[in-house]
Amino acid sequence: MRGSDNYLAQHLLTVGSGLVMLVALGMVFLYAPREAVMGDVQRIFYFHVASAWVGFFGFFVTFLAGVGYLLSGQRRWDVLALSSVEVGVTFITMTVVTGSLWAKPAWGTYWTWEPRLTISAVQLLIYVAYLMLRGSVEGREQRARFSSVYGIVAFVTVPLSWFAIRWWRTIHPDILTGGDQMAIAPRMIHTLLVSIGAFTLLYAALLSLRMKLEWTSDELIRMRLKLERRSRG
Amino acid sequence: MSSTLFAAYAVFWGLTFAFVMSLWARQRRIQQELKRLSETFERNPPAND
Amino acid sequence: MSFLRKLLAVINKDIAAEMHTREIISAMLVFSLLQLLIFSFALDLHAAIAETVAPGVLWATIVFAGTLGLNRSLAREQRNSCIDGLLLAPMSRSAIFFGKVAGNFLFMVLVEAALVPLFSALFGVALFRLSVLLVLGLGTLGYASVGTLMAAIAVNTRAREVMLPVLLFPLALPVLIGAVQATGGLVSGGSLVDVAAWVRVLVVYDLVITAVSLVTFGYVLEG
């Protein structure tokens, strides 16, 4: 993301994702019908599902970038992996918080070990650990190597955790979450799809901003080295 | 409109806004430092090259 | 040297070092006993509730004590720059990985060998059964496998002791769920068939995580 062409593309992406987000928001409140059982609270669902999906997608990108880094050793893969985790953590935090807000009117409690909510919380913990790991390793090359490995292994455990949690919930049936079924109208599906599209665009916009930040910070490090080298003669 | 719904959408916008602001603040700090260093670099010509 | 001979060499080295210092097993063992004491008071553990709580307590004890052993085992390599020596030796990374996993597995199993009779005696749950021991073995194997990889990373960080549990616990979740559920089902009178789903979780986790750890372990050492 360097150069003035990219500068334009960057702005188009940022503005475009903002516009599509507004469209999605309008659809959530004006286009989608009021759900019969849950009422207006159900309108949380669209952005909640979209952020969960995009968060998970962000971690998948980190997994791929981790593989890319280990195979090639190129800095850009590490920049991509790190940026994707930061954006993913932002989105998955939204998922967990709004899921807990949703749980209150739906099931009468702020937290339930509902599998989808639980796996989001597990992912949040995993990728916060990823960021802590990065903060705790000396040396850029070693940091990139370790976090690539962690990003790969972590992502592989997510589906395993998902199945384990789901079976665990079936063994301890949760009466609270029994009434989960809602009647899905076509307009709801349209709204959900546009929301997911909007969040994906927002992901791309935030990702490219975060990557740009990392490249600028690289430039700063190079400049510091240059000055240091010269002052030493 | 329920307050839960309002709170949830406040969370979506709030977190997005917070993340963008953190990106902006970090970007600005780095760019200022970069500018300062490059000015230092221009001002002091190489000593004994 | 064949692969097996190299593997045994790594394990022998770990055992010899442990025979000499006894730091890993003794630390894990004492720590486990302390945890048992804490859990007994914290949960007011007595025979009446033991059947529901014991599997969770047992695995929590194993998981926490395990981090101690894993950290020590890999820190020892790092402190003495042993890894460099191993890397210089004509030895594949997979032999080093399997050797370390086997060593850690062995240490954890030895601690469990002391824990199981103690648990059976204290809480009156029947753990001395082949099926329970199988579940213990499968759970410990998966945990030692991903734990060895994470410990190899954690010992190279600034906050090493803190870093290992933070990295490891969320990844070891499937092992913990599977092992606690399987042990619980067996303790409350079920047979292996009744807990087959959980045993399958453990087996799949062991296979997948060992494969992924094996592939990525070389990248952790290199550099």
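All chains are named by letter (A, B, ...) in the order of the sequence lines, taking the proteins before the strands, and each is independently numbered beginning at 1.
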Practice task
Would you indicate whether the side-chain heavy atoms of C:L173 and A:I165 approach each other to under 4.5 Å?
Solution key: yes
Exercise for the section: Evaluate the side-chain proximity of A:F163 to C:V201: yes if any heavy-atom separation is below 4.5 Å, no if none is. Expected result: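 Heavy-atom side-chain distance check fails, nothing below 4.5 Å.
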Handout entry: Part of A:V153 within contact of chain C (heavy atom distance under 4.5 Å)
Key =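 When you check distances to chain C, atoms from both the backbone and side chain of A:V153 fall under 4.5 Å.
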Problem - Contact listing (chain A partner; residues 149-158 of chain C; heavy atom under 4.5 Å) - result: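 Within residues 149-158 of chain C, the residues under 4.5 Å from chain A are C:L149, C:M150, C:I153, C:N156, C:T157, C:R158.
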Handout entry: Separation of A:F146 CZ from C:Y219 OH (nearest 0.5 Å)
Key = 14.5 Å
Problem - Nearest-0.5 Å distance, OG1 of residue A:T157 to CG of residue C:L171 - result: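 Answer rounded to 0.5 Å: 4.5 Å.
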Exercise for the section: Identify the heavy atoms of A:Y150 and C:P170 that sit nearest to each other, and give their distance. Expected result: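 Looking at all heavy atoms of both residues, the closest pair is OH-CG, 4.1 Å.
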Fill in the blank from the handout: Counting heavy-atom pairs under 4.5 angstrom with chain C, the leader among A:V128, A:L133, A:V137 is A:L133
Problem - Short side-chain to backbone donor-acceptor contact, C:Y205 and A:L160, under 3.5 Å - result: no
Exercise for the section: Show the numbers, then the answer: is there a side-chain contact (heavy atoms from CB on, under 4.5 Å) between C:L167 and A:Y130? Expected result: CA-CA 7 Å; C:L167 294 177; A:Y130 175 98; over 6 Å; no
Practice task
State which residues pass side chain to side chain contact (heavy atoms under 4.5 Å, CB included) with A:Q74; sequence neighbours excluded, sorted by chain then number.
Solution key: A:S72, A:R76, A:W77
Fill in the blank from the handout: When the 4.5 angstrom heavy-atom criterion is applied to C:V208 and chain A, the contacting part is side chain
Exercise for the section: Tell me, for C:I177 versus chain A, whether the close heavy atoms (under 4.5 Å) come from the side chain, the backbone, both or neither. Expected result: side chain
Exercise for the section: Give a yes or no on whether A:L225 atom CG has more than 12 heavy-atom contacts from other residues, nucleotides or ligands under 6.0 Å away. Expected result: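 Check passes, neighbour count above 12.
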Exercise for the section: Check whether more than 12 heavy atoms from other residues, nucleotides or ligands sit under 6.0 Å from atom CH2 of A:W162, and answer yes or no. Expected result: yes
